[in-house]
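Counting starts at 1 for both ligands and their atoms, following the listed order. If you're wondering where the values come from, they're calculated on a predicted model, not measured in any experiment. Reckoned from all heavy atoms, side chains included, excluding hydrogens, waters and symmetry mates.
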Amino acid sequence: STLGASAAEQGGRYFGTAVAASRLNDSTYTTILNREFNQVTAENEMKIDALQPQQGQFSYGNADRIVQHARSRGMQVRGHTLAWHSQQPGWMQNMSGSTLRNAMLNHVTTVATRFRGQIAWWDVVNEAFADGGSGARRDSNLQRTGNDWIEAAFRAARQADPNASLCYNDYNIDNWNDAKTQAVYRMVQDFKSRGVPIDCVGLQSHFTGGSNYPSNYRTTLSSFAALGVDVHITELDIRNAPSEAYRNVVNDCLAVARCKGITVWGIRDSDSWRSNESPLLFDGSGNKKAAYNAVLTAL
Ligand code: XIL
């Protein structure tokens, strides 16, 4: 079997990967992609700097290449990401106040409308909370437009593409006891209570192994789910790809009904943004690693 087919048999879940448009003419890469995965996320091609390099000028070529490759093969697409402090185009980086707020909302509306009907889940907002013990929002140009910027982005996305599931996505929200996890939890709870349109939480899950993979990860997944949102493991990679950690992540997702699927952040170790840590399921030659077998067995 394959990762995608096995995940589909587990309550219709998906097993996906981040994809780079520049690799779609590498046949080793596309052979594995087309065989193993039934979901994709563009690694960089749907970020703000890629889609709107100049204000008001949108550039969809690479994003369309990925979306078409995926959809023509029945793979679902996660849109990543509409609003983020990072990978903003230069023109946006130094904006502030209502000018920035309007530019952000225009980006959300334009992009979500452009891809309407093609995107199963949007990461509407990415990485808006601070690390450490404060539980505060991350300081950023977007945050400085007002604390309501996140809900404004979600409302605009819902209006633009009413059928897409709308997610909040972040890293270091894996350990249930961390202040950052609790802060995101309270935001989702607040959004649900006030009717702000949010459907899912994405846990990036860039793990370094050891205690960075928390034993209470399953508690975190089920606690978010209990708020009435789906949960997704959106960018999984683990330093040195230990089989046990990968197996635990799969088992934790399968234990939570609202955990809809797992996306690994690249195919081969050589494709990874952390390539020196060999954190993925296929080696640089495209061979299945031990962690691959652990994941497939657990699925
Ligand atoms: C990373 C990409 O993998 C790199 O190619 C790029 O240089 C930087 O961004 N959190 C996210 C992803 O939400 O978009 C990031 O992807 C990794 C961390």
Please check if the distance between the ring centroids of Tyr185 and Trp176 is under 6.0 Å. yes
For Tyr29 and Phe282, I'd like to know if the aromatic rings sit close, meaning centre-to-centre distance below 6.0 Å. no
Select all protein residues for which some heavy-atom-to-ligand 1 distance is less than 4.0 Å, and list them by chain and number. Glu43, Asn44, Lys47, His80, Trp84, Gln87, Asn126, Glu127, Gln204, His206, Glu235, Trp265, Trp273
Val249-Leu3 co-clustered via ILVMFWY side chain contacts under 4.5 Å: yes
Taking disulfide bond (SG atoms under 2.5 Å apart) as the cut-off, I'd like each qualifying pair that reaches into residues 142-238, sequence neighbours left out, listed once. Cys167-Cys200
Side chain to side chain donor-acceptor pair (under 3.5 Å), paired with Asp237, selected from Trp265, Tyr246, Trp273: Trp273
Would you please indicate yes or no on a ring centroid separation below 6.0 angstrom for Phe191 and Tyr168? no
